[in-house]
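Every chain is numbered from 1 and lettered A, B, ... according to where its sequence line falls, protein lines coming before strand lines.
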There are 2 protein chains.
Amino acid sequence: MAGWNVPLEARRKRTLTRTDIVQAAARVLQRDGYEALTIRRVAEDLGVKSASLYWHVETKEALEDLLADELLAGVVFGETTDDWRADLRNDSLHFVRSLLAKRDAGRVLAGRLLAGPNTLRWMEAGLGPFRRAGLNARDAAFAAHAVHIYMIGFVIFQGSDLSAEARAGKSRGEILDETRGLFGSLPPADYPNVTALAHGLTIADGEGRFLFGLDRLIAGIADLADAGG
Amino acid sequence: MAGWNVPLEARRKRTLTRTDIVQAAARVLQRDGYEALTIRRVAEDLGVKSASLYWHVETKEALEDLLADELLAGVVFGETTDDWRADLRNDSLHFVRSLLAKRDAGRVLAGRLLAGPNTLRWMEAGLGPFRRAGLNARDAAFAAHAVHIYMIGFVIFQGSDLSAEARAGKSRGEILDETRGLFGSLPPADYPNVTALAHGLTIADGEGRFLFGLDRLIAGIADLADAGG
DNA sequence: ACCTGAACACCGTTCAAGT
DNA sequence: ACCTGAACACCGTTCAAGT
């Protein structure tokens with residue numbers, strides 16, 4: 001009676017683990033996006049009923065916590081050199097590249113501060129440049145946090161749709177073009193700054209935009225490190 | 001037959017408007033939080049059936065776009081002085097204070113770049129210090145965007161629950177205390193940086209933490225402004 | 001110990017029907 | 001023009017029941 005048409009069950013030979021579930025969640029996120037990341041779909045991807053996941057994971061939020069840690073697994077760090085500024089710049093660029101390469105990573109990571117294994121490894125390596133800059137413990141921690149917030153914020157913005165219109169088929173570029181047009185057409189008497197900066201505020205915001213802010217942050221941290229050391 | 005027990009309907013004497021709906025959404029957000037911000041609850045708050053809202057608003061996402069603009073209505077700006085750095089610092093501090101005063105504002109604002117009336121007014125005033133710094137148009141726009149990303153990122157982090165555990169009753173302070181204990185108990189040979197900075201990474205992160213990063217960013221922007229001018 | 005069936009209390013959204 | 005009733009296709013989560 002059965003035997004044919006059991007492709008999903010066949011894939012699963014052994015008992016389910018948390019790791020299986022987290023990796024399935026990562027697949028669903030990558031394939032269908034954050035909106036479609038549901039317990040039921042993760043279960044379906046595993047060839048299992050949704051209720052089964054609750055044996056391994058407390059809630060959907062807890063699964064997202066685990067997924068957030070998983071997303072940091074792929075972040076790589078360059079070699080340590082004697083130039084902490086260059087190291088910090090490289091590490092930060094790799095960080096945002098790695099997260100932007102994964103769909104909706106910013107939405108999952110936003111507001112989570114976890115202590116999973118990948119997060120700890122990433123933190124340990126990421127803190128290196130701040131310590132080599134010669135900052136005291138508090139300043140190093142605060143500076144690292146500031147850079148972290150900036151990076152996550154950038155990933156969220158860059159990976160977002162900007163508005164509901166975007167989901168209705170419009171591309172990010174089209175939205176930006178429209179916004180530029182709107183900014184430029186405002187009455188300059190009332191909006192002198194917005195009209196004057198319309199172009200810079202709406203041009204495609206890739207790595208150049210990220211690096212601009214990152215370099216300002218690094219310069220500001222260097223000011224402090226130089227003054228203190 | 002009726003006449004008694006119609007409190008919600010009585011409140012609504014005239015026809016529904018988009019403004020009514022947005023303000024009801026703001027009330028629901030403030031009262032019940034982002035998770036509870038549903039079309040059905042907004043409708044209930046207005047004494048109306050959920051289907052009615054779709055006459056005025058395309059989708060829930062479109063309503064959240066409108067709500068995002070509404071959240072910026074309360075942001076105030078100080079007097080303009082001849083010190084753009086001080087003005088920028090004041091404006092930024094007021095911005096995060098204003099958003100942190102509203103529940104889950106970061107979650108609504110995250111990733112939205114809109115051109116609503118409040119957003120435009122806020123942008124116009126917010127761009128002032130960057131222009132007075134003497135930066136060229138592109139640099140002023142990029143610098144403003146960097147500060148914006150940092151502020152929104154901070155609000156998201158500060159307003160978040162950090163993990164699923166937090167929603168299960170634990171306070172933010174308890175989570176931070178636990179995390180500090182965990183960081184401190186890691187093997188220092190494997191995690192020299194995390195253990196050394198455990199305290200700074202997990203102490204209660206209020207305005208001091210925000211200002212630290214903001215001041216680094218402003219210093220970095222000033223470096224550029226001074227070099228260019 | 002682990003998974004399923006079936007239900008509960010919700011969602012966003014649509015659309016014919018009412019006024 | 002504006003709102004409702006009723007439905008559709010989903011959700012997260014629980015829990016008795018199966019193996």
Side-chain angles (χ1 to χ4, degrees), chain A residues 1-2 6 8-22 24-25 28-29 31-67 104 107-108 161 163-169, chain B residues 1-2 6 8-22 24-25 28-29 31-67 104 107-108 161 163-169:
Chain A
M1 309 175 169
V6 285
L8 289 172
E9 287 77 7
R11 231 183 273 163
R12 188 166 59 84
K13 31 206 103 179
R14 50 175 179 63
T15 200
L16 217 53
T17 66
R18 269 165 93 104
T19 309
D20 293 333
I21 296 173
V22 173
V28 173
L29 183 69
R31 192 201 315 131
D32 306 323
Y34 185 75
E35 315 274 87
L37 180 63
T38 66
I39 291 287
R40 288 166 122 103
R41 265 158 123 115
V42 173
E44 196 185 9
D45 187 87
L46 290 161
V48 123
K49 298 296 174 185
S50 69
S52 309
L53 300 200
Y54 287 90
W55 182 263
H56 304 276
V57 151
E58 292 89 338
T59 63
K60 191 194 178 193
E61 287 290 337
L63 175 56
E64 287 193 34
D65 286 353
L66 295 170
L67 178 58
D104 289 340
R107 313 252 303 253
V108 177
D161 288 323
S163 79
E165 287 179 280
R167 264 141 284 183
Chain B
M1 307 166 175
V6 285
L8 289 172
E9 287 78 8
R11 230 183 274 164
R12 189 164 58 83
K13 31 206 107 185
R14 49 174 181 63
T15 201
L16 217 53
T17 67
R18 269 165 92 104
T19 309
D20 293 333
I21 296 173
V22 174
V28 172
L29 183 68
R31 191 203 314 131
D32 305 323
Y34 185 74
E35 314 274 86
L37 180 63
T38 68
I39 292 285
R40 290 167 121 103
R41 264 158 122 116
V42 173
E44 196 186 7
D45 186 86
L46 290 162
V48 123
K49 298 297 176 186
S50 69
S52 309
L53 299 200
Y54 287 91
W55 182 262
H56 304 276
V57 151
E58 292 90 339
T59 63
K60 190 195 177 191
E61 287 289 338
L63 175 54
E64 288 192 32
D65 286 354
L66 295 170
L67 179 57
D104 288 340
R107 312 255 297 258
V108 177
D161 286 324
S163 79
E165 288 180 278
R167 264 141 286 183

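Between the NZ atom of A/Lys49 and the P atom of D/dG18 there is a distance of 17 Å, rounded to whole Å. If you take CD1 of B/Ile21 and C1' of D/dC2, they are 11 Å apart, rounded to a whole angstrom.
Under the side chain to side chain contact (heavy atoms under 4.5 Å, CB included) criterion, B/Leu66 pairs with B/Arg18, B/Val22, B/Val57, sequence neighbours left out. In this view, B/Arg31 and B/Asp45 satisfy the side-chain hydrogen bond (donor to acceptor under 3.5 Å, both in side chains) rule, not counting sequence neighbours. With sequence neighbours left out, the side-chain hydrogen bond (donor to acceptor under 3.5 Å, both in side chains) criterion links B/Asp20 to B/Arg14, B/Thr17. Take A/Tyr54 and apply the side-chain hydrogen bond (donor to acceptor under 3.5 Å, both in side chains) test, not counting sequence neighbours, and it matches no residue.
Using a 4.5 Å cut-off on side-chain heavy atoms (C-beta onward), B/Arg40 and B/Glu44 make no contact. For the pair A/Leu53/A/Leu46, a side-chain contact is recorded, criterion being any heavy-atom separation below 4.5 Å from C-beta on. Side-chain contact between B/Thr38 and B/Val28: absent, with no pair of heavy atoms (C-beta onward) separated by less than 4.5 Å.
Considering only side-chain N and O atoms, A/Trp55 lies under 4.0 angstrom from the phosphate OP1 or OP2 of C/dC2. Under 4.0 angstrom from either OP1 or OP2 of C/dC3 there lies at least one side-chain N or O belonging to A/His56.
A pairwise comparison of heavy atoms in B/Ser52 and B/Val48 identifies CB-CG1, 3.6 Å as the closest pair.
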Dot-bracket notation for DNA chain D, counting Watson-Crick and G-U pairs under 3.5 Å, with | for partners on another strand: ||.|||||...|||||.||
Contact pattern, 5' to 3', of nucleotides 10-17 of chain D - B, S or - by protein heavy atom under 4.0 Å: -BBBBB--
